[in-house]
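Chain letters run A, B, ... following the sequence lines, proteins first, then strands; residues in each count from 1.
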Amino acid sequence: MPHSTNGADSRRARNIAFVILGALIVVATYLYLVIGRPTEIADTSTSHASLIAIGGYVVGAVFLAVGSIHRLPTTTVALIPVAIALNIVVGQIVSVIGLPVYLDSIGTVLVAALAGPAAGVVTGILTNVIWGLTLSPIALPFAVVQVVIGIFAGTAARWGMFRRFYTAPLAGLVTGVVAAMVSAPIAAFVFGGATGGGTGAIVGAFQAMGQSLLGATTLQGLLSDPVDKAITFTVVALLLIALPARFLQRFPFAREHRVFGRTGPKATQTALAREG
Amino acid sequence: MSSTVYVDRGSSIHRLNPVTKLVAMLCIIVIVFALPVWWVSGLVLAVAIIPAAVVSRCGRKLSRISATILLPILVVLFVVQGLTFPGGKTALISWGVFTVTSEGLHFALGIGLRLVCLVLASVLLVLTTHPGDLMSALTARGMSPKFGYIISSTLQLIPAFRDRANAILLAQQARGLSVRGSPLRRIKIMMPLLGPLILGMFTDVEDRSTAMEARGFGSTARRTSLVPVPDSSVQRVSRWAMPMVSLAVIVVPFATGAL
Amino acid sequence: MTGMHLRFEDVHYRYPAGVEAIRGVSLAIEPGERVAIVGQNGAGKTTLVRHLNGIFKPTAGTVHVGDWLTTDHDIAELAARVGYVFQNPDEQLFARSVQADVEFGPRNLGVVPEETTRRAEQALATVGLVEQKNAHPHHLSLSERKRVALAGVLAMHTPIVVLDEPTTGQDAAGIDMVGKVMDTLAADGRTVIVITHDMDFCAEHFPRVVVMTNGQIQADGDARTVFGLAQTLAEAAVEPPQLIRLSQRLGWGYSPLNTAEFVEYCARRRSERVG
Amino acid sequence: MIRLDGVSYAYPDTVRPVLENVSLDIGRGTIAGILGASGAGKTTLAKIIAGFIPHVDGGELSGTVSVEGQGMGDLQLAEAVSRVGLVIQNPFNQISGARYTVREEIAFGLENFGVARPEMQDRVGEVADLLNLGPLLDRSPYELSGGQQQLVAIASMIVLRTPVLVMDEPTSQLDPAGTRMVFDVLSTLRGAGITVVIFEHKLELLHQHADVLYVLADRSIVAAGDPTDILADAHLAEWHIGSTRYTRVARAAQKRGLLAGLRHLPVSLEQAVAVFADDGGAR
């Protein structure tokens, strides 16, 4: 297995290039769809917007994920399936109960807080791939939204925002605003605003008030996403407190950035107790 | 036991190389989204998706799954856009403050048919392709094995997650916890059960990563695979041909000014 | 707390998937009896005892717990009569502290708070975990978690206690501790039913032994007799306890169930030889 | 073959070490049993021998660990695991989840190491025969009972043919028949020159199969040697390890003055028969 440092360097360079390229594509797609907006009149021209929305976002998300996954150690890779299962199972329970939130990104935020934005990106995109494989392929075009959540949650963790109860929902609020804006073009141009019964009605109401389709889906997203993500981030902060300290210490990202702001005696006790 | 919808009907579609099917699905989606006319979607449906569904012998399951996904979306789409489409001018029916416009319906038809193609094509892929085979085929083509691991592992963890939740619930009932009562009470019961379930699953991660490393998951050797992925030279050619044809189908109408 | 009559009458159970796990079991257990159910993995032991607390309802036949027919009552109601310690403690432990987890059962049964706390403390003392009462169950070793699960059922003060493999995953100290708990339960007059692969543990604490194979009872009787049935045990892939194997090899024609009996018999034999 | 010299270890951010000054020397082609009460540090020691500590867990490891003369600390984890196989305690967590049948699950490690397909097929078939897994090969590993999962976990490690196997309570979920089968397989592996380190509570089987026993207590190795000597050691109770019924009954008989002049307490059925046979007391 010849691994020169050169090879490793070039691979890292390639991964970074993938991440930058992916991020650029996502941003460019959004800017094209919102600012250089394709005239949104009548029927046919929206098709290009929809191809660009779906294509740009999916390709961008794939680049981000491909660039991110190589850096993940096995501990993180083993964590991600549990996180995705959590996203999906909780998301399903919530939708069955019919609560007005999604809570389908608890796992993504948790992984991002423990292992950083790259891990959050991979968890995010694969959550939607799994939704696509099991329940409904309409989740796939929205993969980029989970990717954005992963990046923001990881960054919030790096800044220590999961250490306090009031900063976690704040970070969630900001993430929610961005998520709403990023997802709006997909909801508008791919689904015509009709991603579900309740949301569809709200989109219709905004349109009736004179909003454009994109404007209507953006406003609809802003109504639900920030609250949803604020709750999600708070739940994650609570879970992080409940997880055994030794488990948290296994993640270099969490240690390095002191995501939880605690070390020392408590960790000691835990380690001894778990030993068996 | 996994949470996938794959059904083994042994048809010729089932026996195709998963990557061939994936490429075909992507081509279909790109065509219907790139050519902004409703009848293109209709044509793709008629000449590609429906025949494939018939050959695969999964038609019934395909329509059942797709209908559950699509019906709510399509109904909302036609109602909302028919009534409130911003570009709507030509009124078809008026009823009090509500006006259905033909532009709105036309818009909904265009989007709706594309979504039908998107959903049918991808559900058909999932119905006829075992996720394990798809992952092996993609890994063999250079996809990071970590992707394959995460996806396969999640698919099998979801039922295990549910089983464990059931086992915990059963054990608590055996300690006198009553689950009768209002939905609100049931949610209240679920929370203390889910918390430890989640903690348990997460603390198991330490063991799982140890076990994976012990079996060479971190090895940089080129992966081999126990079960061969079926392939043929016809498929190898068609995996290149399909994107070319799609590209031509998309570009030619613009080049000739037909659109 | 005295025990209660238990009665299985020609019980059959078929899993929804179609496998018939119990094929005609009739069994009566008197109040205060201690019964061990032994047999290979897959013999139907766990399926059988889970009929007692209503996790399974017979597809044919009846199961009586005292004057209750299990089909008339749900799991939560039967929990007042039958305490069940699961093999895997992680399916049972869920509270944030050991003490809270042990209190969960009595609280569900409507026991008043002071009494609940008293019972939990007593149960934790019985299993030797008083010092760990404020620990998070996830931080304990498997052996300790198994004992917390046991304490959680003890604190419910049910007339019947069922234990699924209480000694697996335990070290020597843990096994001794579980053995002491069995004796305490017996002294209280509670009915105890155990599923176990540990025949030495079984011989020392359970006067009655039921051997199962393929969903049926192969042998049922007092431990000394059952462990003498070499042929039946071999068919059920059950190895007799170490002391009985030893006495058989020595050609004694007597099956000692514990160290004291063995030494006693040995002493008598020697003194007879000398005398 | 396996040498540990003065090994001490503390988990990250902890002060008190879990192991202190542990030394072991296990020869090639032997089965070494390690006894220890719950909480004595067995899992930690298993991970140290297999190279997971300090590669994965971090923390302070001092002293030297070497396998076949190669320092484990100098190796990458991927190389370390190709020399030392590790079977962990909980079989459910050992299922990779990456594969959908028992057959593929057993081959998972071979795939990761890039073993060619025909050889993989041979090796999987061979291990399946050894552990009687033939009828399960096409089932999903998640459908199996705990005992069956444990056999699959053992099979997926044996199939890698690492020169050393470390097993942390590999028979905890198995019934006596399954347990005996696993121990028989270990004896077969020893015949093929493989070194096995097994952490186990089942004393009678250890006596039958192990070549050497170590006792782990108070964070260190407190006794080592021939299984017969170790199992008869009067200190076992202090170390919370217990003893076989044969040893216990002999000790009780001694107290009654029945076995005067007995030098070695019996630890196995055969020895006990010799001790208690009607002419035994006369010897």
Side-chain angles (χ1 to χ4, degrees), chain C residues 17 38-43 46 87-88 90 140-147 165 167-176 197-201 203-204 236-239 241-252 256 258-267 269-274, chain D residues 35-40 42-43 89-90 92 143 145-148 169 171-180 201-204 236-237 239-259 266 268-282:
Chain C
V38 304
Q40 240 179 335
N41 284 355
T46 299
Q87 183 180 355
N88 179 357
D90 298 335
L140 302 180
S141 71
L142 174 65
S143 163
E144 289 168 327
R145 295 204 298 281
K146 283 198 81 135
R147 280 185 273 149
E165 304 263 7
T167 59
T168 51
Q170 297 270 21
D171 57 15
I175 294 176
D176 287 347
H197 286 305
D198 185 341
M199 294 308 138
D200 304 302
F201 171 78
E204 279 161 17
V238 170
E239 205 164 67
Q242 291 177 344
L243 293 184
I244 291 181
R245 267 150 61 202
L246 176 55
S247 70
Q248 282 167 350
R249 283 285 299 276
L250 293 168
W252 280 2
N258 53 42
T259 309
E261 283 184 6
F262 186 100
V263 173
E264 193 51 46
Y265 186 81
C266 183
R269 229 178 136 84
R270 300 233 162 151
S271 65
E272 278 164 16
R273 257 164 39 92
V274 172
Chain D
L35 298 168
S38 188
K42 289 180 294 182
T43 303
Q89 210 175 345
N90 182 339
F92 175 80
E143 284 171 5
S145 71
Q148 290 169 327
E169 298 193 30
T171 65
S172 59
Q173 313 244 344
L174 290 168
D175 59 15
T179 305
R180 257 200 313 277
H201 291 306
K202 294 172 182 164
L203 303 178
E204 198 185 357
L236 279 189
W239 300 320
H240 301 290
I241 291 176
S243 42
T244 67
R245 258 53 176 194
Y246 309 121
T247 317
R248 282 193 206 183
V249 80
R251 202 169 279 139
Q254 257 184 336
K255 269 191 197 140
R256 279 279 298 260
L258 287 176
L259 300 173
S268 69
L269 178 61
E270 297 309 319
Q271 290 173 351
V273 169
V275 167
F276 285 103
D278 285 342
D279 55 350

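Looking only at side-chain heavy atoms (C-beta outward), C/Thr168 and D/Ser172 stay at 4.5 Å or farther from each other. A 4.5 Å side-chain heavy-atom check between C/Arg245 and D/Glu204 finds at least one atom pair inside the cut-off. The shortest side-chain heavy-atom distance between C/Asp171 and D/Ile241 does not fall under the 4.5 Å cut-off. A heavy-atom distance below 4.5 Å is found between the side chains of C/Arg270 and D/Leu259.
D/Lys202 NZ to C/Asp198 CG: the interatomic distance, rounded to the nearest 0.5 Å, is 9.5 Å. If you take OG1 on C/Thr259 and OH on D/Tyr246, they are separated by 12.0 Å, rounding to the nearest 0.5 Å.
Proximity to chain C (any heavy atom under 4.5 Å) is shown, for D/Gln148, by neither the backbone nor the side chain. At a 4.5 Å heavy-atom cutoff, the contact between D/Thr244 and chain C is made by backbone and side-chain atoms alike. Interface remark: D/Leu269 contributes backbone and side-chain atoms alike to the contact with chain C (heavy atom separation under 4.5 Å). In this structure, chain D has no heavy atom under 4.5 Å from any part of C/Glu165. For C/Asp176, the part lying under 4.5 angstrom from a heavy atom of chain D is the side chain only. Residue C/Ile175: no heavy atom, backbone or side chain, is found under 4.5 Å from chain D. Of the two parts of D/His201, only the side chain, counted from C-beta on, holds a non-hydrogen atom closer than 4.5 Å to a non-hydrogen atom of chain C. With a threshold of 4.5 angstrom between heavy atoms, C/Leu246 approaches chain D through its backbone and through its side chain.
Between chain C and the options D/Glu270, D/Glu169, D/Lys255, heavy-atom pairs under 4.5 Å are most frequent for D/Glu270.
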Would D/Arg256 and C/Glu264 count as a side chain to side chain contact (heavy atoms under 4.5 Å, CB included) if you check the C-alpha gap in whole Å, the side-chain angles of each, and the deciding distance to 0.1 Å? CA-CA 9 Å; D/Arg256 279 279 298 260; C/Glu264 193 51 46; 3.0 Å; yes
Item checked: Verdict with reasoning, D/Val249 to C/Gln242, per side chain to side chain contact (heavy atoms under 4.5 Å, CB included) -> CA-CA 10 Å; D/Val249 80; C/Gln242 291 177 344; over 6 Å; no
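Counting only residues at least two apart or in different chains, salt bridge (charged side-chain N to carboxylate O under 4.0 Å, His left out) contacts with residues 244-253 of chain D comprise C/Glu204-D/Arg245.
In terms of heavy-atom proximity, C/Val263 sits nearest to D/Ala252 at CG2-CB, 3.7 Å.
Under the salt bridge (charged side-chain N to carboxylate O under 4.0 Å, His left out) criterion, C/Asp90 pairs with C/Arg145, sequence neighbours left out.
In terms of modelled atom types and a separation under 3.5 Å, the side chain of D/Asp175 and the main chain of C/Asn41 share a donor-acceptor contact.
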